[in-house]
Amino acid sequence: GGSDSTGDSTSAEGGSGSDVKACLAYDVGGRGDQSFNDSAAKGLDKAKDELKVETAEVEASQGENDAAREDRLNQLIESGCTDIIAVGYIYAKAVGGAAKENSDIQFAIIDDASEDSAGENVAQLTFAEEQGSYLVGAAAALKSKSNKVGFIGGVDVPLINKFQAGFEAGAKAVNPDIEVSTKYLAEDGSGFADPAKGQTAAEGMYDNGADVVYHAAGGSGSGVFKAAKAAKKMAIGVDSDQALTAEEDVRDVILTSMVKNVDVAVFDHIKAVTEGDMQSGNIIFDLKAGGVDYSTTGGKVDDIKDKLDGYKQEIVDGKVTVPTK
Amino acid sequence: MRPFVIRRHPISTTTTSPTPSAPAAGDVAVRLEGITKRFPGVVANKDIAFSVRRGTVHAVVGENGAGKSTLMKILYGVQRPDEGTIEVDGQVVDLRSPSDAIKHGIGMVFQHFMLADNLTVLENVVLGAEKLHGIGGRARAEIRRISDEYGLGVDPDALVEDLGVGSRQRVEILKVLYRGARTIILDEPTAVLVPQEVDELFDNLRELKNEGLAVIFISHKLDEVLSVADAITVIRRGTTVGSVDDPSSITSRELAEMMVGSELPTPATEESTVTDEVVLSCRGVSLAGAPGTGRALLDDVDLEIHAGEVLGIAGVEGNGQAELVEVIMGMREPTSGQVHLGGEDISDWDVRRIREAGVGYVPEDRHRHGLLLDSPLWENRVLGHQTERPNVRGGLVDARAAKKDTERIVREYDVRTPSITVTSGSLSGGNQQKLIIGREMSHSPRVLVASHPTRGVDVGAQAAIWDQIRAARREGLAVLLISADLEELIGLSDTIQVILRGRMTGTFDPDTVTSQELGSAMTGAGEEPR
Amino acid sequence: MSSDLSVGTEVVPEATPKRRLPLWAWGAMALALVLALSVVRVVTGRNDIASSGTLSAALALAMPIAFAGLGGLWSERAGVVNIGLEGMMVLGTWGGAFGSLHGGPWMGIVGAALCGAVGGLIHALATVTFGVDHIVSGVALNIVSVGAASYLAARFFGELEGGSDVQSPPLPQLPKIGIPGAGDALSAVETKGWFFVSEVAAILKALTTGLSVLTVIGLALFVITFYVLWRTPFGLRVRSCGESPVAAETLGVNVYLHKYVAVVISGALAGLGGGFLSMVATNIYRESQVDGRGYIGLAAMIFGNWRPGGLLAGSGLFGFMDALQLRGGGTALHGLLLLITMLLLAIGLWQVLRNGRMIQGGIAVVVAVVVFVLWFVTDSVPSDITPFAPHLTTLLVLAFASQRLRMPKADGMIYRRGEGH
Amino acid sequence: MSLNPRRLALTLAAPALAVVVAFVITSLVLLAVGDPVGQVWSTLLKEPRPRTTVNIINSATTYYIAAVAVAIGFKMNLFNIGVDGQYRIASFAAAIFAGYGWLPSWLNIIVAMLVAMVTGGIWAGIAGWLKITRGVSEVISTIMLNTISAGLVGWGLRSWGQRAEGSNARSTTPIPESNQLDGFALVPGAANTVYTLVALAVVVGVLYWFVINKTRFGFDLRATGQSESAAVASGVKVKRMVLISIVLSGAVAGLVGMPAFFGADHAYGSSFQDGVGFVGIGVALLGRNHPVGIAFAALLWSWLEKASDGLQLEAQVSPALVYIIQGSILLAVVIAYEVVHRVERRMEQRQVARDLDASSVPEGAAA
Ligand SMILES: Nc1ncnc2c1ncn2[C@@H]1O[C@H](COP(=O)(O)OP(=O)(O)OP(=O)(O)O)[C@@H](O)[C@H]1O
Ligand SMILES: Nc1ncnc2c1ncn2[C@@H]1O[C@H](COP(=O)(O)OP(=O)(O)OP(=O)(O)O)[C@@H](O)[C@H]1O
Ligand SMILES: [Mg+2]
Ligand SMILES: [Mg+2]
């Protein structure tokens, strides 16, 4: 595949800019999911504004295979992309394959650091979700009066298990006797797309006495907030600062959010590339690097902020190692 | 022409301006003129003309496939004639749908019941006529009233599913009366009734007639016709061949001759070819009915067929003939008793094994059981003999050999078709039947089970089929012949047994028996012929 | 489905022809069920099994299925098998969202019904006018509908603030209604944990508080459907088309017209089911939100023997199972094993004592014992099977009940005017 | 014999008509919502690049096998909506087996495929068994079994699957290097290769054609599909046929995942393609259950699908437009076939009557 299309990109924005064309390949859902994909899009938008790079975006269609994903990446190359960021571990093999064939193109993949996607020209951008989850777990335990908290995951896969493991560890760190109930919503992707399921599961937890529920269930999370609102209890958001992005009427139940700064990772990556660095290898965005964090919007954790920051420091300093399973 | 044929194409003289609202008895209720109806490949009705008076039961008789049902469907607006006019109470009407016919006071009871099993009697009756009395209490009262008035004895809240044939028939009549019909068509109402039910029906009909209704009554059963009809129209091969105004002046034998015409190749009995060798026998075969009904479908049936013998089974439809065939063919297992083929007990064999052992089968309903209507003729030739040469070789279908053999059947059995690659559904009924007979004969069967082999088949094809059966019999074939056509039974059979309510009730010698005798045995009416 | 092979489906008539159970029998059965639930609660100590929360969730999860099933009922009563319900629901999710966004929540209801009805119209066109096999048409319709909704969503929600190609912005909410004051009083009784009384209070609470108007409309539609189909001339004609269209035709009923109307209504109802998902169950449209509920609706309808009451029970069962597994996971389902034990035991004893069927009854009792042992030695149903527990239950129930069911006689048959006399 | 060219013309008329109708409907939709009609078509109809061509062929291979599985059921009026669940559970079983690599390379591949067929067959057999013994409609049971299989496979992956270092997904043990099939470089200029197991699809297609059209079993199957009552009277044991054909359908469904498994994925995991069973239904309907028709339908389907990326990049139109095109082709095709079938039947009846009128003395006159 050809990749030499620098001429096009400069003419497009009519400005100085860079000769990098940064492109995002989303999983199903794409821009607008108010979660993971949106966060990546935010990073891209920022790069477009501040770095004046040209951009393009494509999203996957339902039920496709690795070959189709790889083909998508190649189409992007043909349309002139020089830096291609695949959003989601589902692209691991596709990125690995495409990167081998196109050694002059920079690739990045989010949430995967496996052999499948590894390559000289591939940046593997991963996050220490368990660390952020540890903090919100601690927040939940500190705020819980009933000593019962809950975790709702979209699908029972290793990535989401990391959230659960961190959350439990954090909660137990505060209160070893705390009861953490866990529910995974579905066997397939529908667990991330069914707010009704999220709501029912959360209602069950609240009815059984939990007073803080943390979700890592993408779009199903809005149901969790609705349930919290109805039960007059609290919930914890995920990925972005959901006290800012969720529907307005439920924002006041959001205690905090485990922010996973995909936008930062995307922006930083593009920035490095425009500066001429080819990135490769696993780049971990952990607490220390500001890749994950807890949010303070709404002021509900102001009173425990010191304690949380204490935990944070312990992790940053390596005194505490958060489990991932 | 015979002397008792009073008039051909009767022209009524009583059309003196009948007031449509209150037609009097004796007025012409319905007049048909020049009705012609063609189907692909068949002319079902050709220039039919006759008229029906009020206050009479008018019988229409004719052979199977003569075109009676088609004519009645035209009169009821289900089918539209290609040519001809219909007058009701003196006015020319255009009947585009059953609703039009109902509006003109015509009601019809179909040859095959038109009832929804899972609905109640009330629901079946009021359907489509809800405007008259609603669908609730008033309708129920009205149904009770009619039922009482005509002695129908119908319970409006019974589920139709639970009713016997006789009651269903009365529901059908009630449907018609409920709509205030003044002309009632009954298409073969007696085919499925037992004698008492027939008598009850006739009482009902006389009641209706006395109320000034016109009843058109279709039947093959001539003694019945003679006993109830005030006038008779005979249809042969789609056209009216004569009318009888005074049924007492004619015998059923004479009427039958008129029906089939002089061309009828009387199935004269040939000299017997019956041998001593029993090929097929049933011993004490019983088949239980659905639990709860308490009636056995087959009750201790014994029969024997020898090589070279045609055993005819006579009986009113629905008395166990179909079940007997299914048991012999292995589609059902008898509750008790055995079926033997040659020396072997085949009671628990499956259909294929029985067919392979040399039992040919001409099913009653060729569309449902005999043919694949959407497949070419040669594939239909394979059907039923999927395991035998020349159709197959090893596990594979030998299309070339099957086609070649189909060509032979088409030739030898005079199947009228442009080619063997047309679908069997595009052939006329008679040609379909000839194909089936040819197919079954091609595997030199030891036994042929033939259910109504000439039903709906035209006269020419009928004769051809009879010849085939006779020829095979000469060569030692044992035939079980089930037919509603008594002439056919008498003409072809070496022995006739009568089946009534699942039991074999009598054995007759076709050389001496008359249709009348058979008829009374079939209905259980005793020895005394009418 | 008569268009497919009829093997194994022969109706085995009962020894004593049993007709519809009288109303009081249903009432008694419902009471017995509540009693059994109380026993399960007391024995297991799991209060969540029949709590008002569980029941409310069950109702909310049952409604979309019930709407779809009701749609199926209309269509199949008129003789048209409707496996396209799934697609009509998908259209309804989009229509509900589009309507709500542009005309408020009430327009959402209209939009959902209209979009579903369009699906119904296409199905009617294919099956009634063109005589396409009903299942083939339904499957094709499902594929088209998923595509159409997905495309329309991308086109109309993609650009909106808060929306995306696969998701609408938050939709304005339909009002919720209930009997004022009832909630608190009933909660008070429920939390007392009185045997039986608390269960009744929980049921009443679930039925009287915080109901979406669409839930109320849906429940009303059950009553209306029953009335229209079984008590009006129009309904009689519709049903006659499903039982014997040929007979109906000979009585002057316009079979095509009635089939069309029924299938379009069917589509509208399924569309409302979809609308319920996007407007009530959540308040956004999301792609693949229907997730097979149309098929479950069809199963619920079969389970319910093509009658509204049975269908409601079927949807309720599915909703209940789903609510239990989502809210309480394996431990909640575990309590149900005890309930199943009791039901099987009751069925077994009934068969042996009343019907004298030793074998069937015996099997039921043996299975009951096995289930009881399972319940006794475990303390949770493995979380691995909880997500599909409702589907497994549906399959098992159908396997046990199928032969007692009676579908409209001409269901799935292709009918052509003037043919078949 | 004069009927046959006409029949052929009619057979081809239906899909042609359907494609035209779909083109018109899609254009109308585009016009109605204000998307660029011209650009959409020019993007869609552009010749695919070599790499995409390879992917089109590869996807079509998978769809072809799925459609044959569905078609086996359709041929006798059985609706196997459960191909999705069957191939999911079968691929998983085969992946587990192949992952152990107990057998030498080619033998391992063949036995793994047998494992897939057996698993798929058994899974489908449940629906068949429920149908013939309990009268449960296979439409409903296969749908339920789809969900159940997803649950079971998820549980299986958690129990036996593994997570590669740094990966966030679980999958089965990858098959040994020697089992991985490199594929054929059929398309010049493409870096990727056509699945080796495209050969499997060809074999499946030929066998399907042969069994259905040439064998006794196939004859029985088609007879049962056309008229159950006639088949029974001809000696077919319908219950047994139902069970056999649904198991066969499931066995073929079991193979659906194999080309991609050995040719590309090498392990079963969360990125394994799902939903192929439903595509198979569409493709089988479109191809009219005919082995060659299905091949064209699979290619058309897969080609439209691969065109969707271009739609986003070049015409800024949602890739879901492709579903509308596929769907309207499908609906148009099923309707068109029905209409054509009816016209054909009527014409044939007329023709027979006419031929006979011209050629013979009136029926019955001979007697
Ligand atoms: N719908 C149809 N299409 C084609 N041919 C038809 C159709 N209906 C009837 N026929 C043919 O028209 C002829 C007359 O049939 P019709 O049913 O009127 O006979 P019938 O006198 O009622 O016979 P039966 O005594 O057997 O009832 C037959 O040859 C029959 O095959
Ligand atoms: N599905 C079909 N395909 C092709 N031809 C048909 C079909 N249905 C009916 N016919 C034609 O109609 C004719 C008669 O059909 P019909 O069922 O009326 O038979 P019939 O001989 O009148 O039987 P019966 O005595 O039971 O009334 C057949 O011989 C055939 O030519
Ligand atoms: Mg007749
Ligand atoms: Mg007839």
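Letters go in sequence order (proteins before strands), and every chain restarts at 1. Below, all heavy atoms of this structure are taken into account, side chains as well, without hydrogens, waters or symmetry copies.
When every heavy atom of B/I135 is checked against every heavy atom of C/L236, the shortest pair comes out as CG2-CD2, 4.3 Å. B/P98 and C/G252 get closest at one heavy-atom pair: CB-N, 4.1 Å. Summarising the geometry of B/N124 relative to C/L251, their closest heavy-atom pair is O-CD1, 3.8 Å, with the distance given to 0.1 Å.
Scanning residues 65-74 of chain C against chain B with a 4.5 Å non-hydrogen threshold yields no residues.
Contacts of B/K103 with chain C are absent, with no heavy-atom separation under 4.5 Å from either backbone or side chain. Neither the backbone nor the side chain of B/R80 comes within contact range of chain C; no heavy atoms are under 4.5 Å apart. Contacts of B/L119 with chain C are made by side-chain atoms alone, with heavy-atom separations under 4.5 Å and no backbone atom involved.
With contacts defined as side-chain heavy-atom distances shorter than 4.5 Å, the pair C/M407/B/N118 does not qualify. When side chains are defined from C-beta on, B/M108 does not count as touching C/T250, because their heavy atoms never get closer than 4.5 Å. Between C/R239 and B/E123, some side-chain heavy-atom pair lies under the 4.5 Å cut-off.
With rounding to the nearest 0.5 Å, the separation of CG in B/L127 from SG in C/C241 is 8.0 Å.
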Verdict with reasoning, C/E243 to B/D117, per side-chain contact (heavy atoms from CB on, under 4.5 Å):
CA-CA 7 Å; C/E243 296 291 341; B/D117 285 356; 5.7 Å; no
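Residues that satisfy the side chain to side chain contact (heavy atoms under 4.5 Å, CB included) test with B/R368, not counting sequence neighbours, are B/D365, D/S229.
Of the listed residues B/S99, B/G134, B/G107, the one with more heavy-atom pairs under 4.5 angstrom with chain C than any other is B/S99. Contacts with chain C were tallied for B/A116, B/A129, B/G128, B/S97; B/G128 has the most, counting heavy-atom pairs under 4.5 Å.
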